[in-house]
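Just so we're on the same page: letters track the sequence lines, and every chain starts at 1.
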Amino acid sequence: MSLDLASLNGPQRDAVLHDGSPLVVFAGAGSGKTRVITFRIAHLVLERGVPPRNVLAVTFTNKAASEMRARLSSLAPAFASRLRVGTFHSTCARILRQNADVIGLKRDFTIYDDQDQRAMVKRVLKDLALDPKRVTPKIVANRINRAKQEVTRPEDMPTDDPISEIVSRVYEAYEERMRKAGALDFGDLIYRLVLALESDQSLRESLSNRFEHILVDEFQDTNHAQFRLVRALASMHRNLVVVGDDDQCIYRWRGADRRNILDFRRAFPEAQIIKLEQNYRSTKRILRSAYAVIRRNKDREPKELFTENDEGGRILVVRTEDERDEARMVARAVQSLQEEGDPLSEMVVFYRVHAQSRVIEETLRTANIAYRIVGGTRFYDRLEVKDLLAYLRVLHNRDDDVSLLRIINTPPRGIGKTTIGRLLELAAQNGSGVFAALEEASEASVFGAAAKKKLGAFLALLQELARHKRELPLSDLGGTIADLTGYRAMLEKENTPESDARLQNIAELFGSMALFDEELTARRKAHEQVLAQNLERGPLFADNLDRDEAALLAEGDPLSAFLEGVTLQEEATQKDALTDRLTLMTVHAAKGLEFPTVFVTGMEEQMFPFKGTDPWEDPEELEEERRLAYVAFTRAEQRLVLSYATRRRVFGQLKNGVPSRFLDELPQDDIEQLGQPRRRAVPAYQPDPWDAPARPTPSSFELVTTDSWDVAQRAPRKEQQLADDAFEGDSYVDVTEGNDLYMGGGIRKGMRVRHARFGVGKVLAVSGGVPPRVEVRFPGVGDKNIVATYLEPA
DNA sequence: CTTAGTAGGATTGAG
DNA sequence: TCCTACTAAG
């Protein structure tokens, strides 16, 4: 059982064999990144005798983790199951549970997803009697998440402006509520462990001592908290290998910080760097085109992919009339490739935003082309699935208030707003959870007889379910809950196509519970066998197994194991690999994938690079769009088709489209244009925006004066007119530094606001966007309304 | 307490 | 345009 290192190229082999210092591997698209990671791990355990349980490999997605596990079990079958391979979140959840008492957490904490978190924030806002109009739950939740990404505690939050001040108070109260509910949000999983590791030396030593080797995949997407986590876990052995590609960092908006990989040596000065630049995926033309786009980014680690693959065919750049025409073009192209014998599974259609998918879907349906969409609403986010899971979660952790409140009147059982409000008050008075308040309800004078009866019945229902939970196997529990609570009956009675789909979804949920139960039982059995064998083989072998696994299998009840998996795992077990289908997805969803034929639609200015209602230009954002385009192009193996539409409906309005600047950047020899190339009346963008001078002052913001989407060809829109009139030649307005209304909040219709030049006015309308675009009437400015994006509340 | 109606908002989305 | 999330009437 030895590894075939000869199948690796030089740098790949260097990375696999590297020893003695931290290592950064810059792994370009299609350069064999996963191969390097898995070979390295296999090498560590097979050749260097590192105990598998002392190797930690961290990924971002479950998919990446299971792929890695699969490859490891063929490379090192005997060890694979004991290797620690997992996502950041699952790895942290596991460590937090195992060390719950030391860290000061409940061992059976519940994990709240974003929706649960939002609900909790909402409740806190209510508790603190804050106007949810002024500071929306969304803003606060975002700020809390950002704080946790940066490892900032509530007491360390800034309070310099009114909004920050409110946020810091809500954050603090939120943390307290979460503690009481025995719940952690996703951010907590990383953040709490970082706090614990950094403050508790003995915990840090014992954990970092255990992880002799640590490997992190997609390191360019780590946020600050994740960086600190990895640093702490590697503090003892410093055998840290991080793999990634700064050119493929497309999650800046989610906290990803490319500096983590670019400046890795700042934290680990002794680190070595290896670059994997040979690409095994794409044709030369595709690589040249992708490079032509990415090379214009400043501030990237210099590197260029090369390949021994063929030159390949030219990249097609197709002009279409509008989004329907574009969709038809794609459908026709797909069909003709199909006629040439290409299966649909070898083609993919990318778009920048989900909204583009609808028209494409419609067209594919009329053309009778089978397709599947990747992404969109996730199984465990579905209403009915969340409802039933909430029952399970309450049974597992009665303090889980968010889940309890979700099901207290679902299906409707006559417990309405007022009753729930009183129940919450009672809980607040007692400083207890909602469940405890429920138990006391029969004694409380605030409730009328009817309310008491209904609450009592609900409590009795929960108690009955708790009994079933103890007695029934997991496989039967779901169905029982759906029946006893009347949930199934509710859906059956509804009897609409939607309710049918919901019934199907809950059936699927029960199926996955049964499957989970089965697998757990099988694993337990297998584990017991190993245990018995090892005992027979003598004391030397008694310890030869994974203690964590052992603990989980011995003590964990199936329900808690299931719930953990569910919250941390997006996809349910649903696969229909049987029909050959065309794949549709956003470019973001495409990272890590490859297809022989790739269509990238919507290659227009404003679409790709995307530009929302945001009035200002952030050069960082353009760079991220460039990386996104780079990711899209480098998915293609053989054929790349780029299309743009000269007109497109956006939010119901027809807009004229200008070909994306990315198209202009492609090497002319490598592309072939189809359709009339459009004569451009107005240069719609800076020819060289990356060289454009910086904005006048960093703290100034542009007013929404123009809709730069093809200004010349349309009569100015109303608001544009207004703004033009009001400002002639004065397109900037200064804003107090640090006045952070930007996350969208603050300004609402009817509010009084102050403008640096026009004084105090009243908000007449707020139309979307971040920051929001507002129309204001200033008494001092005559009859005109002013459209602006940045104002101080008066 | 449910249902219909409407205002408001609108990238990208792992765990 | 289309979807969600809250408010007023059944």
Spacing of [X] atom [atom1] relative to [N] atom [atom2], expressed in whole Å:
X: A/Glu218; N: B/dG15; atom1: CD; atom2: C1'; value: 15 Å
X: A/Lys655; N: B/dA10; atom1: NZ; atom2: C1'; value: 13 Å
X: A/Glu620; N: B/dT11; atom1: CD; atom2: P; value: 21 Å
X: A/Ile415; N: B/dT2; atom1: CD1; atom2: P; value: 11 Å
X: A/Met585; N: B/dG13; atom1: CE; atom2: P; value: 11 Å
X: A/Leu189; N: B/dG15; atom1: CG; atom2: C1'; value: 8 Å

Practice problem: State which of B/dG13, B/dT11, B/dA10 makes the closest approach to the side chain of A/Phe610. | Solution: B/dT11
Partners meeting salt bridge (charged side-chain N to carboxylate O under 4.0 Å, His left out) with [X] (sequence neighbours left out):
X: A/Arg413; value: none
X: A/Arg422; value: none
X: A/Arg502; value: A/Glu384

Is [X] near enough to [N] that one of its side-chain N or O atoms lies under 4.0 angstrom from OP1 or OP2?
X: A/Asn223; N: B/dA14; result: no
X: A/Thr586; N: B/dG13; result: yes
X: A/Lys611; N: B/dA10; result: no
X: A/Asn62; N: B/dG15; result: yes

Quiz item: Considering only heavy atoms from C-beta outward, does the side chain of A/Tyr351 approach that of A/Val587 to under 4.5 Å?
Solution: no
Exercise. Name the residue closer to the 5' end of DNA chain C, choosing between A/Lys417 and A/Arg649 according to the nucleotide with the nearest heavy atom.
Key: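 Taking each residue's closest nucleotide, the earlier one in sequence belongs to A/Arg649.
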Contacts of [X] that satisfy side chain to side chain contact (heavy atoms under 4.5 Å, CB included) - sequence neighbours left out:
X: A/Thr583; value: A/Val348, A/Arg372, A/Val374, A/Met585, A/Phe595
X: A/Arg358; value: A/Glu362
X: A/Gln149; value: A/Arg146, A/Asn223
X: A/Ala100; value: A/Leu105, A/Arg107

Exercise. Scan residues 350-361 of chain A against DNA chain B and write down, sorted by residue number, each residue with any heavy atom closer than 4.0 Å; if none is found, say none.
Key: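 Hits under 4.0 Å, by residue number: A/Arg352, A/Val353, A/His354.
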Quiz item: Expressed as a whole number of Å, how far does the P atom of C/dA5 sit from that of B/dT12?
Solution: 15 Å
Exercise. For C/dT4 versus B/dG13, give the span between their P atoms, rounded off to a whole number of Å.
Key: 16 Å
Self-check item: Most 5' of A/Lys454 and A/Val587 on DNA chain B, judged by nearest nucleotide
Solution: A/Lys454
Quiz item: If each of A/Arg413 and A/Ala589 is mapped to the nucleotide of DNA chain B with the nearest heavy atom, which maps nearer the 5' terminus, i.e. the 5' end?
Solution: A/Arg413
Quiz item: What class does the angle between the rings of A/His588 and A/Trp253 fall in, given that below 30° is parallel, 30 to 60° is tilted and above 60° is perpendicular?
Solution: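 Rings of A/His588 and A/Trp253: perpendicular, over 60°.
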Base, sugar-phosphate or nothing for [X]? Non-hydrogen atoms, less than 4.0 Å.
X: A/Asp114; answer: base
X: A/Ile111; answer: nothing
X: A/Glu625; answer: base
X: A/Gly187; answer: nothing
X: A/Lys591; answer: nothing

Quiz item: On DNA chain C, which is the earliest and which the latest nucleotide, 5' to 3', with an atom closer than 4.0 Å to a heavy atom of chain A?
Solution: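 Contacts span C/dT1 to C/dC6, reading 5' to 3'.
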Quiz item: How close do A/Ala93 and A/Glu564 get, heavy atom to heavy atom, and via which atoms?
Solution: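 Heavy atoms only, the tightest pair is CB-OE2, 3.1 Å.
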Exercise. Output yes if the stacking criterion (under 5.5 Å between centres, under 30° between planes) is met for A/Phe186 over the base of B/dG15, else no.
Key: yes
Exercise. Let me see the working for A/Lys148 and A/Asp185 under salt bridge (charged side-chain N to carboxylate O under 4.0 Å, His left out), right down to the final yes or no.
Key: CA-CA 10 Å; A/Lys148 288 181 178 177; A/Asp185 59 42; 2.7 Å; yes
